[in-house]
Amino acid sequence: MKVISLIGSTGSIGKQTLDVCRKHKIKVKALAAGRNVRLLAEQAHEFSAEYVCVYDENKYSELKLLMSDTDATVECGMNGLCKAAQLDGVDLFVNSVVGMVGLLPTLKAIEAGRDVALANKETLVAGGELVMKVARENGVSIYPIDSEHSAIFQCLQGNDRKQLRRIILTASGGPFFGKTKADLRSVSVEQALNHPNWSMGSKITIDSATLMNKGLEFIEARWLFDISPDNIEIIINRESVLHSAVEYNDYSVIAQLGTPDMKIPIQYAIMYPQRIECDVKPLSLTDYGTLSFFKPDYETFDCLSAAIEAIKKGGAYPCIVNSVNEEAVRLFLERRIPFLKIGELVKEALEHFKPMPNDTYEDIANADKSAREFVLRRV
């Protein structure tokens, strides 16, 4: 049985990862979270974690006190996350944090020779070229946790990658499917957080509402599966039952279907290559009766078109649109900008920035900083 280190343990994916570990008695050696130290400490006690870290350094003293009845090592900050990524005796590093904070720990895990189960989109969106290069150099595998990328990964098993013609990446369409820009001018935070199929954290739920989430997954797919952006197609499946598909040279299409429950891709990433019973509702196609498919509205959902343009332009542009989006979503959730301003800022950034290098972590960090400053100047 694998031993894992998990960062982002108090978020939606992190908690479901621990559900999988609990069911299958998987050893969790390290746990880390952003600032929810009470839940983090509860998790650490339950799983007898030997290493516990809180990213928010202001919460360190509280966490230290909550863990004082154990022998666990307690750390904080980015340095603490990176230590969690490199711990000895760990087989798999599970990254479920949200945002650019996930990039450096992933790189450190790879450099330490740890396989990675990845739910942190920003790692590959901002640093995909660098991350995949370092993974190849260190012989490390990256297992996707996103339901769409897990579906693609599963559909590729047992087949020759050279025969892959295209990837069909599915989206739910979010809560505003079929709406026009005029309809979206007065969207509230509560409306944007009301996703029809998935229960997720607030940032990713807003990304789903703008379809930026699908744009980020488009960029991830390009790097994970080493495929040209021209060979990735996005389709809307409103029921979120067909999680993605691949098409081969003979035009055969192989798809992965399942109930919309993140425990399936989480368990597959952790247990790969094993398949064992998963604690989810089995899929009944007859209960659904019909599955519906549509093309995305690239004009209304300009975050999606901007993300695709960014990966085609290459360089640091994917990092820039990601970081601008992160800041814009934060401002929207704080009710400081309207919903449509998110996409406007992302599009503006593509025009504003000249090409920037992204060969090193420092290059990516500089592009990230510049993008965030750009947003704050515009608000």
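Residues take their numbers from the sequence shown, with the count starting at 1.
Between Tyr272 and Phe153, the ring-plane angle classifies as tilted under the 30° and 60° cut-offs.
Remark: Glu57 engages no residue in a salt bridge (Lys or Arg N to Asp or Glu O under 4.0 Å) (not counting sequence neighbours). Applying the salt bridge (Lys or Arg N to Asp or Glu O under 4.0 Å) rule to Lys133 yields the partners Glu137; only residues at least two apart in sequence or on another chain are considered. Every residue was checked against the side chain to side chain contact (heavy atoms under 4.5 Å, CB included) condition with Ser61, not counting sequence neighbours, and none meets it. Under the side chain to side chain contact (heavy atoms under 4.5 Å, CB included) criterion, Gln154 pairs with Ser150, Gln256, Tyr268, Arg275, sequence neighbours left out. Legend: residues meeting salt bridge (Lys or Arg N to Asp or Glu O under 4.0 Å) with Lys312, ordered by chain and number and at least two apart, are Asp230. The side chain to side chain contact (heavy atoms under 4.5 Å, CB included) test applied to Thr286 returns Ser284, not counting sequence neighbours. Remark: Asp183 engages no residue in a salt bridge (Lys or Arg N to Asp or Glu O under 4.0 Å) (not counting sequence neighbours). By the side chain to side chain contact (heavy atoms under 4.5 Å, CB included) test, Ala307 is found to be paired with Met212, Ile219, residues two or more places apart in sequence or in another chain being considered.
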Test side-chain contact (heavy atoms from CB on, under 4.5 Å) on Leu130 and Asn358 and set out the steps.
CA-CA 8 Å; Leu130 174 63; Asn358 71 329; over 6 Å; no

Run the side-chain contact (heavy atoms from CB on, under 4.5 Å) check on Leu39 and Gln43 step by step: do they pass?
CA-CA 6 Å; Leu39 178 55; Gln43 294 171 339; 3.8 Å; yes

Report the C-alpha distance between Cys319 and Asp368 in whole Å, list the side-chain angles of each, state the deciding distance to 0.1 Å, and finish with yes or no for side-chain contact (heavy atoms from CB on, under 4.5 Å).
CA-CA 6 Å; Cys319 175; Asp368 171 62; 4.1 Å; yes

Show your working on side-chain contact (heavy atoms from CB on, under 4.5 Å) between Ile145 and Leu118 and close with a plain yes or no.
CA-CA 5 Å; Ile145 285 180; Leu118 190 63; 6.0 Å; no

Applying salt bridge (Lys or Arg N to Asp or Glu O under 4.0 Å), run through Lys313 and Glu351 and close with a yes or a no.
CA-CA 11 Å; Lys313 290 179 79 165; Glu351 300 300 321; 5.4 Å; no

Verdict with supporting geometry, Glu373 and Lys369, salt bridge (Lys or Arg N to Asp or Glu O under 4.0 Å)
CA-CA 6 Å; Glu373 290 172 349; Lys369 182 173 182 288; 2.7 Å; yes

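Nearest heavy-atom pair across Val131 and Ile142 is CG1-CD1, 3.8 Å. Scanning both residues, Met67 and Ala44, for their nearest heavy atoms gives CE-CB, 3.7 Å. The two residues Ala72 and Tyr51 have their closest heavy-atom pair at CB-N, 4.5 Å. Residue Val54 comes nearest to Gly34 through the heavy atom pair CG2-O, 3.2 Å, listed as atom of the first residue, atom of the second, then distance. In terms of heavy atoms, Ala49 sits closest to Leu31 at CB-CD1, 4.1 Å. Counting all heavy atoms, side chain and backbone alike, Leu304 lies closest to Pro296 at CD2-CB, 3.8 Å.
Proximity of Ser370 to Phe353: side-chain heavy atoms (C-beta onward) are separated by under 4.5 Å at one or more points. Contact check for Thr123 versus Leu103: side-chain heavy atoms found under the 4.5 Å cut-off. Inter-residue side-chain proximity for Ile308 and Ile234 is flagged as met; some heavy-atom pair is nearer than 4.5 Å. Looking at Asn79 and Lys83, their side chains come closer than 4.5 Å, going by heavy atoms from C-beta outward. Ile320 places none of its side-chain heavy atoms less than 4.5 Å from the side chain of Phe374. When side chains are defined from C-beta on, Phe301 counts as touching Leu184, because their heavy atoms get closer than 4.5 Å. Put simply, the side chain of Lys121 does not reach to within 4.5 Å of the side chain of Asn322, judged on heavy atoms. Counting heavy atoms from C-beta on, the side chains of Met132 and Leu124 come closer than 4.5 Å.
Among pairs with a residue in residues 279-306, those fulfilling salt bridge (Lys or Arg N to Asp or Glu O under 4.0 Å) read Lys181-Asp302, at least two apart in sequence or across chains. Within the structure, the salt bridge (Lys or Arg N to Asp or Glu O under 4.0 Å) test picks out the following pairs touching residues 320-333 (sequence neighbours left out): Glu326-Arg372, Glu327-Arg330, Glu327-Arg372, Arg330-Glu334.
Between the Glu46 side chain and the Glu42 main chain, no donor and acceptor come within less than 3.5 Å of each other. For the pair Ser208 (side chain) and Thr205 (backbone), a donor-acceptor distance under 3.5 Å is absent. No donor-acceptor pair under 3.5 Å is formed between the side chain of Ser244 and the backbone N or O of Ile152. At distances below 3.5 Å, at least one donor-acceptor pair connects side-chain atoms of Glu122 with backbone N or O atoms of Gly99. The main-chain N or O of Ser188 is found under 3.5 Å from a side-chain atom of Gln191 such that the two form a donor-acceptor pair. With Arg114 contributing its side chain and Leu87 its backbone, the two residues share a donor-acceptor pair below 3.5 Å.
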Listed pairs under 3.5 Å, donor-acceptor, residues 88-96 side chains, sequence neighbours left out:
residue : atom : partner : partner atom : Å
Asp91   : OD2  : Val3    : N            : 2.8
Asn95   : OD1  : Val97   : N            : 3.3
Asn95   : ND2  : Gly102  : O            : 3.0
Asn95   : ND2  : Thr106  : OG1          : 2.8
Ser96   : OG   : Ile7    : O            : 2.9
Ser96   : OG   : Gly8    : O            : 3.0

Under 3.5 Å, sequence neighbours excluded: what are the donor-acceptor pairs made by side chains of residues 342-349?
residue : atom : partner : partner atom : Å
Glu348  : OE1  : Arg378  : NE           : 3.3

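Between Asp207 and Lys203 there is a salt bridge, since at least one side-chain N of the basic residue sits less than 4.0 Å from a carboxylate O of the acidic one.
Tracing side-chain contacts under 4.5 Å through hydrophobic residues (I, L, V, M, F, W, Y), one never reaches Phe177 starting from Ile206; they form parts of separate clusters. Linking ILVMFWY side-chain heavy atoms closer than 4.5 Å, directly or via other members, places Ile264 and Ile13 in two distinct hydrophobic clusters. Each of Leu169 and Val253 belongs to its own hydrophobic cluster when Ile, Leu, Val, Met, Phe, Trp and Tyr are linked at side-chain heavy-atom distances under 4.5 angstrom. Under the 4.5 Å side-chain heavy-atom criterion for grouping Ile, Leu, Val, Met, Phe, Trp and Tyr, Tyr55 is not connected to Val98 through any hydrophobic cluster. Grouping the Ile, Leu, Val, Met, Phe, Trp and Tyr side chains by contacts below 4.5 angstrom, directly or via other members, places Ile276 with Ile270.
Considering CG of Leu291 and CZ of Arg238, their distance stands at 13.0 Å, rounded to 0.5 Å. How far OG of Ser292 is from CD of Glu239: 3.5 Å, rounded to the nearest 0.5 Å. To the nearest 0.5 Å, atom CG of residue Asn159 and atom OH of residue Tyr248 are 3.5 Å apart.
Between the side chains of Glu309 and Ser305, not a single donor N or O lies within less than 3.5 Å of an accepting N or O. Checked by atom type, the side-chain pair Asn366/Glu362 shows no donor-acceptor distance below 3.5 Å. Checked by atom type, the side-chain pair Thr170/Glu148 shows no donor-acceptor distance below 3.5 Å.
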